[in-house]
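Step one of this worksheet: look at the structure below.
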There are 2 protein chains.
Amino acid sequence: MSENELNAEHKIIEAAAAVFVEKGYEGARMQQIADKAGINKALLHYYYRSKDLLFEKAFLTVASSIFSKFFDAFNTEGSIFEKIENFLTLHQDLLFKHRKYPVFFFNEITRKPELIKKLISRLDVSEKFEKLSQQFEQEKRDGIIRSDIEVPHLMVNIVSLSVFPYIGRPIIQEIMSEFDVSYEKFLDERRSMIAQFVINSIKA
Amino acid sequence: MSENELNAEHKIIEAAAAVFVEKGYEGARMQQIADKAGINKALLHYYYRSKDLLFEKAFLTVASSIFSKFFDAFNTEGSIFEKIENFLTLHQDLLFKHRKYPVFFFNEITRKPELIKKLISRLDVSEKFEKLSQQFEQEKRDGIIRSDIEVPHLMVNIVSLSVFPYIGRPIIQEIMSEFDVSYEKFLDERRSMIAQFVINSIKA
DNA sequence: GTCTATATTGGGATAGAC
DNA sequence: GTCTATCCCAATATAGAC
């Protein structure tokens with residue numbers, strides 16, 4: 001549908017991203033990507049030379065898009081608490097749609113850490129991170145959040161609490177099912193639970 | 001060294017575990033496992049028939065050992081707070097030694113969720129989990145921890161906060177290095193930070 | 001039980017026609 | 001640019017000697 005159909009190059013990236021996220025780099029097959037893109041295997045090599053290059057292009061495209069959205073959530077008006085809630089809502093919506101993405105992402109950057117440098121430079125992460133960090137520090141000085149909070153830990157805490165349940169989905173789901181608790185409901189509850197948990201822990 | 005040298009069967013599992021954790025199922029090579037075990041490739045098949053079966057055996061062996069230790073940390077005397085601290089210390093020590101393990105574990109159970117059922121039944125996880133859960137509920141009734149805490153969320157929170165920084169190591173480390181913060185120091189700080197964070201949030 | 005040698009297939013990559 | 005046909009190596013798996 002839409003303009004995606006316009007050129008093969010773009011169709012390939014879309015198909016590649018889907019297959020790589022599903023199967024991981026090692027498990028993905030060029031044949032499957034070609035099938036999904038509705039083209040021939042040889043064309044993949046014509047456009048992207050090798051599996052490795054195709055992967056890198058697809059990885060960076062998807063990762064950039066997702067990370068941009070995260071940073072955008074913090075570039076809104078309002079207090080730091082509202083920003084955290086914005087972030088959590090967006091985060092959970094995205095993860096809900098792309099459940100396999102977190103495991104894929106962390107597996108691949110562990111396999112090939114150079115990907116991170118490329119991603120970071122492409123996105124100006126350092127600059128955005130710095131800005132974000134300064135917002136937190138300002139809220140500390142303004143007495144809105146507790147002064148003993150260490151900003152890097154706070155950031156990692158927020159991300160940990162929201163991302164981990166998706167990474168650990170199979171085990172959490174299985175254990176919960178033995179106690180007749182719905183995993184879907186559990187995830188949904190976390191949206192407000194995490195915001196509350198974090199805000200309580202940092203409010204001055 | 002030690003008695004591990006006694007039989008090939010055991011040497012193979014040790015070597016297989018190391019290679020699988022390092023490379024993942026898809027990325028691992030039978031040849032590399034044979035080399036590491038100091039034996040021939042054909043012997044792997046003699047003992048374990050196929051890569052798949054060897055993987056399953058190695059996976060369950062390592063996972064059982066690690067999960068047992070976690071549950072043991074909670075089977076100590078003392079208050080729930082002491083137990084949480086025991087757990088966090090043990091957890092961090094184990095993860096510090098086996099840094100690639102979390103990504104491996106979650107990647108593999110996502111690829112093949114049946115592994116979780118086998119692991120759970122092997123370890124009586126449900127029973128241990130139930131027991132643990134009841135301890136928390138008792139502390140609630142005793143007014144030691146807040147009554148509005150939901151135990152499943154609390155458990156997931158504790159695990160999220162301690163495991164995630166290892167899963168996200170490459171990206172956290174890279175961003176920190178741009179701000180001249182040491183990742184090692186960061187991890188070390190988290191031991192007490194998490195305990196404090198959690199305890200503050202649940203104390204009645 | 002442990003080895004060497006070999007079978008077999010899967011999958012990334014290329015050649016070359018159109 | 002897109003296809004078909006093919007190459008070729010890597011990797012799992014097996015046969016069979018010792």
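Remember, it's a predicted structure, so these values are computed and weren't measured experimentally.
- What separates CD1 of Ile39(B) from C1' of dT4(C) is a distance of 14 Å, to the nearest Å.
- One interatomic measurement links the two molecules: CG of Asn40(B) to P of dG1(C), which rounds to 16 Å at whole-angstrom precision.
- Backbone-only engagement by Ala28(A) is indicated by non-hydrogen atom pairs under 4.0 Å involving sugar-phosphate atoms exclusively.
- Taking atom NZ on Lys51(A) and atom C1' on dC9(D), their separation rounds to 15 Å, with Å as the unit.
- Rounded to whole angstrom, the span from the NE2 atom of His45(B) across to the P atom of dA15(D) amounts to 12 Å.
- If you take NZ of Lys23(A) and P of dG11(C), they are 10 Å apart, rounded to a whole angstrom.
- Where Tyr46(A) and Lys41(A) meet DNA chain D, the nucleotide closest to each residue was compared, and Tyr46(A) sits on the side nearer the 5' end.
- Each of Ser50(A) and Leu43(B) was assigned the nucleotide of DNA chain C with the nearest heavy atom; the assignment lying further toward the 5' end belongs to Leu43(B).
- Using a cutoff of 4.0 Å between basic side-chain nitrogens and carboxylate oxygens, Asp52(A) and Lys112(A) are scored as salt-bridged.
- Between the CD atom of Gln31(B) and the P atom of dA13(D) there is a distance of 14 Å, given to the nearest Å.
- For the pair Arg29(A) and dG12(C), the criterion of a side-chain N or O lying under 4.0 Å from OP1 or OP2 is met.
- OP1 or OP2 of dT12(D) has not a single side-chain nitrogen or oxygen of Arg49(B) nearer than 4.0 Å.
- To the nearest angstrom, P of dG11(C) lies 18 Å from CZ of Phe55(A).
- Remark: aromatic rings of Phe106(B) and Tyr166(A) are distant, center separation not under 6.0 Å.
- The six-membered or imidazole ring of Phe129(B) lies near that of Phe179(A), with a centre-to-centre distance under 6.0 Å.
- For Phe55(A) and Phe20(A), the gap between ring centers is short of 6.0 Å.
- One atom, CG of Asp35(B), and another, P of dC3(C), lie 11 Å apart when rounded to the nearest Å.
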